[in-house]
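Everything below concerns the one structure shown next.
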2 protein chains.
Amino acid sequence: MSDDREQTCRPLRKDAERNRQRILTAARALLAEQGLGVSHDQLAEAADVAVGTVYRRFPDKDSLLEALFTEDVDQIVCLAQHSLEVADPWEAMVGFITRSLEVQAGNRGLKEFLMFNVTSDTMTTCRARLLPVIEQIVARAQAAGVIRPGVTAYDLGLIPLMVGPVMDGCRAVRPELWRRSLDIVIEGLRACPEKERLPVPDLEPDEFVELLRQAQTSPGRR
Amino acid sequence: MSDDREQTCRPLRKDAERNRQRILTAARALLAEQGLGVSHDQLAEAADVAVGTVYRRFPDKDSLLEALFTEDVDQIVCLAQHSLEVADPWEAMVGFITRSLEVQAGNRGLKEFLMFNVTSDTMTTCRARLLPVIEQIVARAQAAGVIRPGVTAYDLGLIPLMVGPVMDGCRAVRPELWRRSLDIVIEGLRACPEKERLPVPDLEPDEFVELLRQAQTSPGRR
DNA sequence: GGCAAAGTTGACAGCGCTCTCCACTTTCGG
DNA sequence: CCGAAAGTGGAGAGCGCTGTCAACTTTGCC
């Protein structure tokens, strides 16, 4: 419900503000359930408003998404920050990953926003804030010797990309199954005598963004 | 180049057969590179043929895909079967997974076909043939105590789903980076004293299919 | 060579989507 | 209570996609 817009320009007219809230409420519910694929027509219908109104309030899809998700995105950053306070470095790392994926499991729209709106302001800022924190999380775990040497923040950053499809797939079948896949991934990070060093060098910062951008190119329906 | 159609019905006219091959050749190249998202218009253009011709030969997208990929799908099954001949059960398992993902990394269309054409005849048959083999691979590894107790064939079946997005993302950036993610997953399967049992019970056969079906529902472009 | 069957062509119908536009309605300050 | 400014509705333009069809061309058998 953060309304930073009142400061910048003259407040909306009463009816306009009402409609704006309606749109946001409807969109929040619809996107949480169905993901970003929802069309503006569906949105308008659910908000009991005409398409034109939606477009007047939110000139493009991105501005609607930003209005909807900046708050939730903040929450993810908080999760990361809080995990730094957890004493055990392994627990801290696992806790953060698990917690943030739990949030995504409960909100499909948010999940897709995090993964596919790579170039939006919100996500660019988010990554800028998140990266140093995750680097700390990883550094602590490395220092404690609980994760494989060579594992980096970018490796953690790819985990949602890996678990995401399983999460989408299992949502209607076995909502909790993604935890199994996540568990496998997490155990794959743990330090363990037999493990060799990771193959292939790690990503550079801008390569990571480009990777996410490319990953959104998706298949040919059914 | 398998042509099982000559037996079933009267052979195609000379020009028709020529066009059919053109379409297949063009489609193979185009889909390998760009994935299943390629439209029939693009396909027709690349094959230097009209859209109508493509539709006459292949009434719907699925029949084209089946003609294109059954061979490659067979290859995957062979890979699995051959891996049973590898003496070391761990090497056998890792070898199969790695090899089959290498094939997918080199052919984007095939990768998407394997993951998204869940209900096609080819894929149904493929899974039916693959499942018992993968179960053997897993059973051998379990018997040798090299993988975590509780890991099943379905867990392996989800690996392509997890590595897939990384593969798509890194293709244009660092084509080999997916091996890093795969390595993490594979190490997550390895038996290791500290590891706890996997959370959440394993999938049933039909749940697995449904999961794949659901996983294809993808985000909202951009 | 002729002709029926087989094949080809490409314009076009239909769909769902994003986004625009303008005639109409509502709000709100004076 | 009035009028300008703000907001709204919804038809429809434009796009890319799937799939169709009727007029035309090619093939191959006699």
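Small disclaimer: the values here were computed from a predicted structure and weren't measured. Chain letters run A, B, ... following the sequence lines, proteins first and then strands; every chain starts at 1.
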Between [X] ([atom1]) and [N] ([atom2]), how many Å, whole number?
X: B:R20; N: C:dA6; atom1: CZ; atom2: P; result: 17 Å
X: A:F58; N: C:dT18; atom1: CZ; atom2: P; result: 15 Å
X: A:L43; N: C:dG16; atom1: CG; atom2: C1'; result: 15 Å
X: A:L64; N: C:dC19; atom1: CG; atom2: C1'; result: 14 Å
X: B:N19; N: C:dA6; atom1: CG; atom2: P; result: 17 Å
X: B:E17; N: C:dT8; atom1: CD; atom2: P; result: 10 Å

For atom CD of A:E45, is the number of surrounding heavy atoms from other residues, nucleotides or ligands below 6.0 Å larger than 12?
->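 Open.
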To 10°, what angle do the rotation axes through the five end pairs on each side of the helix from C:dG1-D:dC30 to C:dG30-D:dC1 form?
->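 Its terminal axes enclose an angle near 10°.
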[atom2] on [Y] to [atom1] on [X], rounded to 0.5 Å:
X: A:M123; Y: A:T70; atom1: CE; atom2: OG1; value: 11.5 Å
X: B:R179; Y: B:I186; atom1: CZ; atom2: CD1; value: 10.0 Å
X: A:Q136; Y: A:I134; atom1: CD; atom2: CD1; value: 11.0 Å
X: B:L65; Y: B:S120; atom1: CG; atom2: OG; value: 8.0 Å

Looking only at atom types and distance, does a side-chain atom of B:R180 sit under 3.5 Å from a main-chain N or O of A:V200, one as donor and one as acceptor?
->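 It does hold such a pair.
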Could you tell me whether B:S39 contacts a base, only the sugar-phosphate backbone, or nothing, with contacts defined as non-hydrogen atoms closer than 4.0 Å?
-> sugar-phosphate
So the contacted stretch of DNA chain D, first to last nucleotide with an atom under 4.0 Å from a non-hydrogen atom of chain A, runs from D:dA5 to D:dG10
DNA chain D: 5'-proximal contact among B:R18 and A:R56 (nearest heavy atom) =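 On the 5' side of the pair lies A:R56.
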Report the residue (B:Y55 or A:D48) whose heavy-atom-nearest nucleotide on DNA chain D is the more 5′ of the two.
-> A:D48
Of all the choices, C:dT8, C:dT9, C:dT26, which nucleotide is nearest to the side chain of B:D15 once you look at every atom?
->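 The answer is C:dT8.
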Consider the side chain of A:R13, meaning its heavy atoms from C-beta on, and name the nucleotide among C:dC28, C:dG7, C:dT18 that approaches it most closely.
-> C:dC28
Can you tell if the side chain of B:D155 reaches within under 4.5 Å of the side chain of B:T152, non-hydrogen atoms only?
->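 They are in side-chain contact.
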B:N19 and B:T53 side chains, donor-acceptor separation under 3.5 Å = no
Do any pairs count as a side-chain hydrogen bond (donor to acceptor under 3.5 Å, both in side chains) and have a residue in residues 73-83 of chain A, sequence neighbours left out, and if so which ones?
->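 The answer is A:D74-A:R129.
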